[in-house]
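Computed from heavy atoms alone, side chains included, the values below leave out hydrogens, waters and symmetry copies. Residue numbering restarts at 1 for every chain, and letters A, B, ... go by the order of the sequence lines.
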Amino acid sequence: MRFSEPFEQRFQEMASHYPTRRSLLVPTLLYAQDEVGFLSDEVVAEIARRVELTELEVRNVISYYSMLTTQPRGKYNVQVCTNIACLLMGGEEILDRCRLKLGIREKETTPDGLFSLEEVECMGACCWAPAVQVNYDFHEHLTPQKMDQILDQYTKKGTERRR
Amino acid sequence: MADVNLTIDGKKVTAPAGTLLIEAAKSAGIEVPSFCYYPNLSLQGACRMCLVKIEKMPKLQTACTTVISEGMMVTTDSDEVRQARKGMIELLLGNHPLDCPVCDAGGECELQDMTFSYGAAESRFIDVKNHRDEQQWSPVVYFDRPRCILCYRCVRVCGEGMDVWALGVQHRGVSSTIVPNQEDHLECEECGMCIDICPVGALTSGAYRYKTRPWEMKHVGTTCTHCADGCKTTLGVRRCSTGTELVRGDNRDKSGINGDFLCIKGRYGFDFAHHEDRLHQPLIRRNGRLTPCTWEEAFQLTGERLRQIRDREGGDAIAVIGSTRTTNEENYLLQKFARTVLGTNHIDHHRTADYPALVAALAGHPKLTASMRELFEAPAMLLIGNDPTRQHPLLAWQIRNNVRLHRARLYLVNAQPIKLRRQASSFFAIPAGREAEVAAFLAGQDSAVAAIASETSPEAWIRWRDQLRREPKLVVMFGSEIRGDAVASLIKFAADLPEAKLICLGDYANSRGAADMGLYPDLLPGYHPVTEVGEFHKDWGGVPEKPGLSLRQMAEHAQAGKLKALYVVGANPVEELGLDPFVFSQSFVVVEDLFLTETAAIADVVLPAANAYEKSGTFTNTCGDLQLVKKAGEVTGTKSDFEIIVRIADAMGVAVRKLVPFGRGSRADMGQSRGAQSGEADRHSVWLEARGLEPKMSPFDPMAILDEIQRLVPGYDVSRLHLLAGMDQHTSLSGSGPGTKHDPSAIMPARDDLFSSGTLGRYCRTLNAVLENGHKLAAEEEVAAE
Ligand code: SF4
Ligand code: SF4
Ligand code: SF4
Ligand code: FES
Ligand code: FES
């Protein structure tokens with residue numbers, strides 16, 4: 001199992017920050033997921049080895065955090081907040097719209113592999129509710145129409161790159 | 001540590017600083033309910049059952065994580081506290097299936113008890129319960145998720161206690177669940193610790209589930225019959241059509257040397273007792289075939305033939321092979337029978353450790369052996385050879401947990417990267433077969449370093465030895481790799497240390513007892529040479545003084561046509577030691593065993609024996625800890641080896657009282673009036689009298705022989721009261737005879753693994769199921785890899 005050079009550099013650096021190897025686990029998982037797309041069996045085994053934990057312990061942690069996944073996701077992971085502020089400002093409608101537009105339900109991925117959908121708890125963007133996070137980018141003050149446009153933009157971006 | 005004073009429920013309590021409040025309360029006789037708290041495991045603070053009121057603290061506090069402090073005022077029972085506990089139970093029962101009527105834990109479930117004591121009869125939950133089907137994780141471990149109360153005891157005991165880390169918690173909050181390491185199944189040591197520690201019926205065992213209700217069983221605490229560590233196991237027994245059936249083994253009685261621990265063999269390895277191949281009737285060879293007969297016929301034939309052969313050919317024509325799984329009383333009786341009745345010193349057993357060399361080397365060094373309990377407290381431990389995790393599971397548990405809980409130092413020397421190296425402060429790998437050189441080097445022979453310094457430099461070895469020499473209290477453990485002169489070297493090294501003690505590792509439940517009781521051709525009980533006329537000669541009225549034949553020599557003797565009779569008690573030398581069965585074709589062979597083993601198959605008479613769970617007596621573990629063996633089950637058609645030996649002696653026309661000191665009155669009147677004893681006081685009654693013991697009334701009472709053992713075998717005169725109370729008593733080798741040097745090649749290690757146990761193991765359903773499951777999984781993996 002090989003990771004990219006920047007990953008390795010980051011890992012080395014982090015290793016010098018923490019007193020024990022196991023403390024490296026969560027950031028390493030995140031970076032690995034960013035790079036590979038999801039935490040495959042192979043990634044889990046490799047990270048377990050590096051941080052000196054059993055694979056089971058690594059899986060326990062992965063299962064605890066909803067942002068970590070052992071299943072491949074779409075290129076764009078659409079995370080719709082339906083926690084209190086967003087809920088009051090129409091988060092449910094945004095979620096409905098995404099379901100309709102993408103033709104998938106939560107935790108599913110579109111057949112072209114472009115999108116996956118997730119309902120999430122508060123992301124700290126309450127002031128700009130309702131909010132949606134796509135990968136690491138925030139989209140705020142949404143309406144169903146705006147949501148459509150945003151999804152269209154991502155579709156365009158995703159298919160262009162592919163060509 | 002300094003003491004701290006506090007008040008709990010108005011009681012003044014004093015406890016060492018650092019004590020947890022829940023323990024301080026317990027020491028004052030106040031019970032604080034708890035689920036997740038478990039002594040000697042890391043603190044969890046998960047269940048919140050232990051909430052108590054502490055003055056000046058704003059909210060209720062968890063007694064299991066609070067360390068006591070000076071002047072603390074604690075209330076463990078008030079309306080507020082009771083309300084909190086009730087609330088906790090209501091939450092726990094929120095999704096609990098309440099299938100107590102069919103749950104294995106019903107009747108001994110902590111959740112049931114707590115609900116009864118602190119809970120409420122009503123619940124405010126009206127939601128539909130979230131059901132999950134039970135899962136089988138291994139042949140041993142089953143999981144019923146809705147019953148789980150997420151106390152994490154199982155996760156911690158498997159990780160911290162066993163160092164297996166096979167259980168985990170996944171997801172979060174109400175969706176949290178216990179998971180096995182291989183997604184849908186377990187790959188682990190199958191010890192069942194997780195099952196026993198589970199406060200509810202979420203983890204259940206394949207061996208016991210849905211078999212009975214706890215209150216239908218009688219619980220008998222006895223000693224494990226498998227390896228040489230001597231765990232106390234509690235057997236649950238129930239009446240059945242063929243006698244009493246063993247339905248469960250567990251660790252409900254934590255008073256044994258093993259504390260919380262049992263391995264798979266002690267917990268589930270009892271089912272051989274009810275194996276369908278178990279013999280229920282004596283067999284006699286008629287026209288070349290083994291045919292069922294009555295006990296009377298079998299005793300008559302055996303007694304008559306043995307007497308004839310002895311009278312015509314002399315004792316030299318008879319040999320006896322003893323067992324490493326029969327009790328001390330049986331072993332003692334067997335060799336006494338061989339020597340005084342059959343008139344032969346041809347007696348031996350499957351030797352797995354060089355105890356006589358240990359005794360020889362210990363001469364003049366009193367109190368140099370460590371008990372299993374002492375090991376757990378020792379600040380430093382040295383282990384040369386062996387792989388305790390697989391061969392001595394309890395010993396490994398003691399070592400691991402001594403390191404974890406007491407920060408003991410573990411020095412390991414091994415040819416294999418054994419699992420215990422994870423606990424070791426230093427691990428020195430050596431080339432295979434060089435353990436003796438390590439011993440020589442330790443004893444000061446510097447030139448030996450060349451043979452062992454392959455991976456570690458000679459300088460490092462010297463530093464290591466210097467460090468060991470500075471250890472104020474060291475327990476030295478060694479496997480069968482260390483024999484003969486190497487044992488002497490180790491003891492030379494240990495004797496120069498301020499307070500070193502030794503543990504010599506044999507392999508079977510009573511390997512040590514077999515050695516101590518003199519199942520040797522040249523050694524009497526207590527390692528007294530047969531050649532030296534002493535106590536035993538006097539007491540028994542004569543013992544043949546010529547050393548007898550070892551196992552191998554017996555076979556040669558038989559081949560040469562000089563062995564007319566062979567009497568085998570609870571051993572299977574044909575299979576275990578590779579003895580050629582055909583050499584015994586000219587001998588009259590009598591075998592006592594549970595099954596028609598490879599050895600029994602060549603016998604002329606086969607006598608169905610009871611196993612260690614079906615009789616009483618004592619075992620000595622490999623450390624020398626003497627423990628009680630208590631009768632739990634009973635299978636019709638079998639007899640204890642003790643009774644069988646006595647009955648054969650009787651059939652030979654012997655005055656049984658000479659063999660077993662039973663009944664009242666002077667023994668000089670019991671057929672000994674003209675022997676060596678005549679005119680002397682009856683030493684046995686004098687001894688009994690001095691200890692306030694009664695003579696035993698039955699010739700089949702092993703206690704009668706225990707009397708004689710305690711009287712004559714050095715080191716065994718331990719407190720009878722404590723022994724009978726179920727406590728382990730360390731026997732010392734210091735008063736023993738001189739021991740001897742044997743041919744080191746006579747030692748044949750058993751090579752048992754975690755899931756095997758000699759011939760007995762082959763008849764354990766649970767052990768076999770685990771082995772087969774392992775093979776199946778390995779095969780599947782291979783297919784997947786391709
Ligand atoms: S049986 Fe023993 S090793 Fe296996 S999961 Fe349970 S505690 Fe761990
Ligand atoms: S399975 Fe049993 S021991 Fe393990 S967490 Fe659940 S209730 Fe506790
Ligand atoms: S460690 Fe040995 S004595 Fe203890 S339960 Fe296992 S086999 Fe029996
Ligand atoms: S509630 Fe949606 S971001 Fe806080
Ligand atoms: S026993 Fe204290 S929180 Fe569980």
Side-chain angles (χ1 to χ4, degrees), chain A residues 1 19-30 32-33 38-73 77 79 81-84 87 105-108 116 118-124, chain B residues 42 44 46 132 135 137-138 141 143 145 148 150-190 193-194 203 389 400 404 417 419 421-424 427 777 780-781 784-785:
Chain A
M1 174 87 219
T20 56
R21 298 292 283 184
R22 59 188 297 149
S23 314
L24 286 165
L25 179 61
V26 174
T28 308
L29 285 170
L30 263 177
Q33 175 166 304
F38 70 108
L39 299 166
S40 63
D41 290 352
E42 214 187 351
V43 172
V44 170
E46 172 63 17
I47 293 182
R49 194 185 59 76
R50 289 192 186 206
V51 302
E52 292 162 10
L53 289 172
T54 62
E55 288 182 33
L56 177 67
E57 284 166 301
V58 172
R59 285 183 194 282
N60 296 347
V61 170
I62 295 174
S63 74
Y64 186 91
Y65 292 104
S66 54
M67 77 265 194
L68 296 175
T69 176
T70 52
Q71 301 301 322
R73 277 179 182 157
N77 186 30
Q79 302 153 66
C81 173
T82 55
N83 216 301
I84 188 74
L87 181 86
R105 281 171 305 172
E106 292 89 274
K107 304 267 179 203
E108 288 182 353
S116 44
E118 226 181 313
E119 181 180 4
V120 297
E121 304 300 329
C122 179
M123 323 180 287
Chain B
S42 64
Q44 191 78 41
R132 296 294 157 93
Q135 304 163 25
W137 285 347
S138 81
V141 188
F143 181 56
R145 180 168 159 193
C148 172
L150 292 169
C151 67
Y152 310 128
R153 280 190 198 173
C154 54
V155 176
R156 284 173 288 156
V157 80
C158 182
E160 298 164 16
M162 293 302 297
D163 193 27
V164 174
W165 307 95
L167 295 173
V169 198
Q170 290 189 352
H171 307 294
R172 154 169 53 105
V174 284
S175 341
S176 300
T177 175
I178 303 301
V179 290
N181 56 358
Q182 303 296 319
E183 295 189 27
D184 61 346
H185 67 273
L186 269 172
E187 250 175 60
C188 71
E189 295 182 6
E190 311 281 2
M193 291 293 295
C194 51
L203 288 166
T389 313
R400 274 196 310 269
R404 178 172 67 96
K419 193 177 150 199
R421 74 184 187 287
R422 306 211 301 215
Q423 277 73 31
F427 174 74
L777 290 173
E780 277 171 15
E781 233 161 74

Open item on the list: Just checking A:E42: does its CD atom have more than 12 heavy atoms from other residues, nucleotides or ligands closer to it than 6.0 angstrom?
Closed with: no
TODO: List the atom of A:N60, the atom of B:V179, and the distance in Å for their closest heavy-atom pair.
DONE: OD1-CG2, 3.9 Å
Open item on the list: Take a 6.0 Å sphere around CZ of B:R172 and say whether it holds more than 12 heavy atoms from other residues, nucleotides or ligands.
Closed with: yes
Task: Flag side-chain contact, heavy atom, 4.5 Å: A:I62 against B:Q170 - done: no
Task: Considering all heavy atoms, the nearest A:L56-B:L167 contact - done: CD2-C, 3.3 Å
- [ ] Mark yes when over 12 heavy atoms from residues, nucleotides or ligands other than A:Y64 sit less than 6.0 Å from its OH; otherwise mark no.
- [x] no
TODO: Let me know if B:Q182 has heavy atoms under 4.5 Å from chain A in its side chain, its backbone, both or neither.
DONE: neither
